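One structure below.
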Amino acid sequence: MRILEFNIDGQILSKGNDFSGIVRGTDGYLKCSFKFFGRDWSQCKIVVVFKGGSEEYAVPLKFDHSCAVPCEVTNRASFKVWVIGVKDNYRITTNKILVRQE
């Protein structure tokens, strides 16, 4: 299993480790892990959105701040990732990160 680490500070999503050498076509192999800084995301219900082509896939974030990358996007040359959090009268979203696959 390979873990793609991300950092979130406010609305800024950034890569937390090396994303090179990812090969497309895997299923169940890629996992994302997120570190949150600050209080902006406190008590939010959080989903990670993956976009491959024109299709978007929302995956709920687990208690340990991780999720699997859906196999629907791993067969493409690249996919985008961003995060959305929602609580009462509050919605926060991050910028999008492009993940390239060989």
Side-chain angles (χ1 to χ4, degrees):
M1 179 171 294
R2 180 160 179 190
I3 299 174
L4 306 177
E5 297 176 3
F6 292 90
N7 297 317
I8 299 177
D9 190 356
Q11 291 186 277
I12 305 302
L13 177 66
S14 60
K15 294 177 181 179
N17 64 346
D18 181 17
F19 283 33
S20 64
I22 299 172
V23 178
R24 67 177 152 176
T26 62
D27 187 3
Y29 174 69
L30 293 177
K31 181 178 175 182
C32 294
S33 177
F34 297 86
K35 281 187 183 175
F36 293 86
F37 298 92
R39 300 178 137 203
D40 298 328
W41 295 82
S42 177
Q43 299 180 6
C44 284
K45 293 180 182 176
I46 301 171
V47 295
V48 182
V49 183
F50 297 88
K51 183 174 184 177
S54 62
E55 299 295 319
E56 294 180 1
Y57 305 91
V59 178
L61 200 61
K62 294 181 183 177
F63 182 74
D64 66 354
H65 295 164
S66 71
C67 70
V69 176
C71 62
E72 291 87 353
V73 301
T74 59
N75 62 348
R76 301 187 169 273
S78 65
F79 60 89
K80 292 182 180 178
V81 179
W82 68 97
V83 181
I84 299 171
V86 177
K87 61 183 173 184
D88 293 335
N89 299 318
Y90 187 87
R91 183 177 190 270
I92 187 169
T93 187
T94 68
N95 57 297
K96 297 174 182 174
I97 296 283
L98 181 67
V99 177
R100 296 185 190 277
Q101 301 183 103
E102 297 176 9

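Given the structure is predicted, the values throughout are model-derived calculations rather than measurements. The first residue in the sequence is number 1, and the count goes up from there.
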- ILVMFWY network linking Val48 to Ile92, side-chain heavy atoms under 4.5 angstrom: yes
- Query: Excluding sequence neighbours, so at least two apart, what forms side chain to side chain contact (heavy atoms under 4.5 Å, CB included) with Asp27?
  - Reply: Cys71
- Item | Value rounded to 0.5 Å, distance of NZ in Lys15 from CD in Glu5 | 13.0 Å
- Message: Side chains of Thr74 and Gln101, heavy atoms from C-beta outward: is any pair under 4.5 Å?
- Response: yes
- Quick one: closest heavy-atom pair of Ala77 and Arg24, and the distance? N-NH1, 3.3 Å
- Where is the tightest heavy-atom contact between Ser33 and Ile3, given as atom of each residue plus distance? CB-CG2, 3.7 Å
- Query: So Arg91 and Ile84, side chain to side chain contact (heavy atoms under 4.5 Å, CB included) or not? Walk me through it.
  - Reply: CA-CA 7 Å; Arg91 183 177 190 270; Ile84 299 171; 3.5 Å; yes
- Message: Taking the side chain as everything from C-beta on, heavy atoms only, tell me whether Leu30 gets closer than 4.5 Å to Phe50.
- Response: no
- Item | Side-chain touch Phe79/Val69, heavy atoms, less than 4.5 angstrom | yes
- Would a 4.5 Å heavy-atom cut-off, applied to side chains only, mark Ile97 and Lys80 as touching? no
- Task: Please report the shortest heavy-atom distance between Pro70 and Val59, naming the atom on each side.
- Result: CG-CG2, 4.0 Å
- Query: Taking side chain as C-beta onward, heavy atoms only, is Arg2 less than 4.5 Å from Ile22?
  - Reply: yes
- Message: Between His65 and Phe36, is there a side-chain heavy-atom distance shorter than 4.5 Å?
- Response: yes
- Message: Show the nearest heavy-atom pair for residues Asp40 and Cys44, with the distance to one decimal.
- Response: O-SG, 4.1 Å
- To the nearest 0.5 Å, tell me how far Lys45 NZ sits from Lys87 NZ. 12.5 Å
- Query: Under 6.0 Å between ring centres, would you say that holds for Phe34 and Phe6?
  - Reply: yes
- Message: Run Glu56 and Trp82 through side chain to side chain contact (heavy atoms under 4.5 Å, CB included) and show every step you take.
- Response: CA-CA 11 Å; Glu56 294 180 1; Trp82 68 97; 3.7 Å; yes
- Sequence neighbours excluded, which residues qualify as side chain to side chain contact (heavy atoms under 4.5 Å, CB included) partners of Phe37? Asn7, Asp9, Lys35
- Task: Determine, stepwise, if the pair Val83 / Thr93 fulfils side chain to side chain contact (heavy atoms under 4.5 Å, CB included).
- Result: CA-CA 6 Å; Val83 181; Thr93 187; over 6 Å; no
- Task: Go through the steps for Val99 and Val81 under the test side chain to side chain contact (heavy atoms under 4.5 Å, CB included), then give the verdict.
- Result: CA-CA 8 Å; Val99 177; Val81 179; 4.1 Å; yes
- Query: For the hydrophobic clusters of this structure (ILVMFWY residues joined by side-chain heavy atoms under 4.5 Å, transitively), does one cluster hold both Val23 and Tyr29?
  - Reply: no
- So how far is it from Ile46 CD1 to Leu61 CG, rounded to the nearest 0.5 Å? 5.5 Å
